[in-house]
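What follows is a single structure, written as structure tokens, with notes after it.
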Amino acid sequence: MQLIVLGSGTSVFHPRRAAAGFWLETEAGSILLDCSADAPHRMAEENLDWRNLDAIWISHLHLDHCAGLAPFLFGIKWAPGIGDRKKPLRIFGCEGIGKLLKAIDDSHNYKLFDQNFAIEIHEFPPAEHKDGFDLLAGLTAEIISTPHRAESLAIRLTDQSGATLVCTSDTGFSEAVADFARDADLLILECSFYRDKPTRKHLELADAMRIAKLAEPKQLLLTHLYPEWDDIDLEAEARKLWTGVIIAAHDGLRLEVGA
Ligand SMILES: [Zn+2]
Ligand SMILES: [Zn+2]
């Protein structure tokens, strides 16, 4: 699998960090993990084949994770050559995605679902730990609720070679989430704040490193970085707390996952 960071930022606009979005290229197909308002443009900027995107995962309904979904459906509808697309676009994620899209669609009769390929929506209720299901043929997914929003979910993906990626998206500290992420080849972990976080529903550095210590991923990618990180060497600070492979996310970063 190859991961491309589209957005390492948050809901706060930032000159060098788009809001959440990760492109994952796998043997089974391409997946977009979270779709902020910035994500569609970032896919184009990275020259990714967004017209043939196979699946989208939406972790929760905060707009820095899902606001690009309706614009993506609106944009793909008018993309040159899209008439040749026959395969479905599969949208997976938390409860409420369908309701959100329908509300936008109805508000101006956008006909977002009136495409010449099928759009499937698969929503998952909050789950202590949902066992594997096929996100795409040959790509297994597991999910678990995170202490961030009632609907928020983390996802664990495993391909046929056994390579594993976990994306927590937004989360508070949770040993269950750490356990869920155990031994992943790549753990994409939010690290919203440096210290003195203003909410229990996100992580600060010490929380993130406690999760890393419990999960022991082969590579740790720290993301969802608020502007307070701009003047801090995140990797250096993180290495004081955990000795594994730590990477601070930046937009445009590409990482190989697994063997
Ligand atoms: Zn967020
Ligand atoms: Zn959030």
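Both counts, for ligands and for their atoms, begin at 1 and track the order of listing. For reference, positions follow the sequence shown, starting with 1.
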**OP:** Examine all N, O or S atoms of His224, backbone included, and report whether one is under 2.8 Å from the Zn ion (ligand 1).
**Re:**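 So His224 counts as coordinating the Zn ion (ligand 1), yes.
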Restricting to N/O/S atoms, is His62 within less than 2.8 Å of the Zn ion (ligand 1) or not?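 It does not: His62 brings no N, O or S atom closer than 2.8 Å to the Zn ion (ligand 1).
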Determine whether the aromatic ring centres of Phe133 and Phe124 lie less than 6.0 Å apart.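 Yes.
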Do His65 and His148 have ring centroids that are under 6.0 Å from one another?
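Aromatic pair excluded; centres sit 6.0 Å or further apart.
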Need the atom name: nearest N/O/S atom of Asp64 to the Zn ion (ligand 1).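 Within Asp64, restricted to N, O or S, the Zn ion (ligand 1) is closest to atom OD2.
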Quick check: of its N, O or S atoms, which one does Asp170 have closest to the Zn ion (ligand 1)?
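Atom name of the closest N, O or S in Asp170: OD2.
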So does Phe13 have more than 12 non-hydrogen atoms from other groups sitting under 6.0 Å from CZ?
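It does not: Phe13 CZ has 12 such atoms or fewer within range.
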If only side-chain N and O atoms count, and only distance matters, is there a donor-acceptor pair under 3.5 Å linking Glu204 with Tyr194?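 Not at all, the side chains of Tyr194 and Glu204 share no donor-acceptor pair under 3.5 Å.
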May I ask you to check whether Ser36 and Asp64 show a side-chain donor-acceptor distance below 3.5 Å?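 There is no such pair between these side chains.
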*N, O or S from His60 under 2.8 Å to the Zn ion (ligand 2)*: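 An N, O or S atom of His60 is closer than 2.8 Å to the Zn ion (ligand 2), so yes.
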